[in-house]
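Notes to accompany the following structure.
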Amino acid sequence: MPELPEVETIVRQLRDVVQGKSIKAVKILDKKVVDVRIAALPPSTIQRITRRGKYLLFHLDNNNVLLTHLRMSGHFQYGKEPSRYTAAVFHFQDGTLLTFNEIRRFGRMKAVKEKQLPKILSPLGPEPLECSYTVFKQRLEKKTKSNLKTTLMDQRVLAGLGNIYAQETLYRAGINPQRTVGTLQEGERKKLYHSIQSILRRAIRQGGTTIENYTSLEGAGRFQRFLAVYEKEQCPKKHSVQKMKIGGRGTYWCQKCQK
DNA sequence: CAATCGTCCTGCGGGC
DNA sequence: TGCCCGCAGGACGATT
């Protein structure tokens, strides 16, 4: 499940291989996943590739943007022939190709105008890695009665954390995911803030986490080596890890390390 | 306001 | 061995 570090990794790799290239033709194989209007756009060059939260954006000519969300299993492949999961194929002027693939068909790619972006992206909270502690604290203040882990995954509060990194940051901060936001002491909140910063940075450095479907363009990420609780039986201190549902989502945590 | 539930969709694992 | 069933999960809307 691509979260911020995985999307950031993919964005960086896409920049290396397709930024600046001219799109000759787009073939859409799954109309549910990919907006058919994309095939009708005038021939364009990929000017820039950016990320906002878990969204990935291809900025084309004429202020057109391909707004992409990978959800659970969306992924790109460069220079490989389409597979049964390919939703769209981008053919470039130089003869190379990029495929957008989606196994579970939850991912989306749509065409929007640059001008529409502020409005479309306005519900999103700040970028975790560009967010000061003061802003982080302010964001949490609006959710004092809510469950902490669910709040970390709420894209309107902070944009980019998903199920894996919410659990990992809480472990590192030593905080029980069942806690309510308002019960955090100042010291705990600071520790959580710093955990988010360091885990996301490290995960990006490691090329993301590869669990099941996620592969970046260059293959597997390496952060799964550093996971402390997610899908683990023991935490790094060899305590047994619990699993429970929080907000309907599987949650791993250590009863001894997280209070 | 917060939590829960249903929906979308497919692969996979458990059970028999 | 093979089939069927149910689960998982990000976002979002509807309901409790």
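Numbers restart at 1 for each chain; the letters A, B, ... are given by sequence-line order, proteins then strands.
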* In B/S/- notation, 5' to 3', how is nucleotides 9-16 of chain C contacted by protein heavy atoms closer than 4.0 Å? -> BBB-----
* Structure fact -> Of all heavy-atom pairs linking A/Cys257 and A/His239, the shortest is SG-ND1, 3.3 Å
* Flag yes if more than 12 heavy atoms outside A/Arg156 fall under 6.0 Å of its CZ atom; otherwise flag no. => no
* **d(CE, A/Met244; C1', B/dA3) in whole Å** => 14 Å
* Asked: Is the NZ or CZ atom of A/Lys24 both under 6.0 Å from the centre of the six-membered ring of A/Phe92 and within 45° of that ring's axis?
  -> no
* Spell out, yes or no, whether A/Tyr252 and A/Met1 are grouped together once hydrophobic residues are joined by side-chain heavy atoms under 4.5 Å, including indirect joins. => yes
* Atom-pair distance (CZ on A/Arg179; P on B/dA3), nearest Å -> 15 Å
* To do: When you get a sec, tell me which of B/dA3, B/dA2, B/dT10 is the closest nucleotide to the side chain of A/Lys145?
  => B/dA2
* Between A/Ser198 and A/Arg172, a side-chain donor and acceptor under 3.5 Å -> yes
* Asked: How is A/Arg156 classified with respect to the nucleic acid when contacts are heavy atoms under 4.0 Å: base, sugar-phosphate, or nothing?
  -> nothing
* Please collect all ring-ring contact (aromatic ring centres under 6.0 Å, His included) contacts where either partner lies in residues 43-68 of chain A, sequence neighbours excluded, each pair once. => A/Tyr55-A/His69, A/Phe58-A/Phe76
* Is any side-chain N or O of A/Tyr85 closer than 4.0 Å to OP1 or OP2 of B/dG11? -> yes
* Answer yes or no: does a side-chain N or O of A/Ser146 lie under 4.0 Å from OP1 or OP2 of B/dA3? => yes
* Write down the distance between NZ (A/Lys142) and P (B/dC1), rounded to a whole number of angstrom. => 12 Å
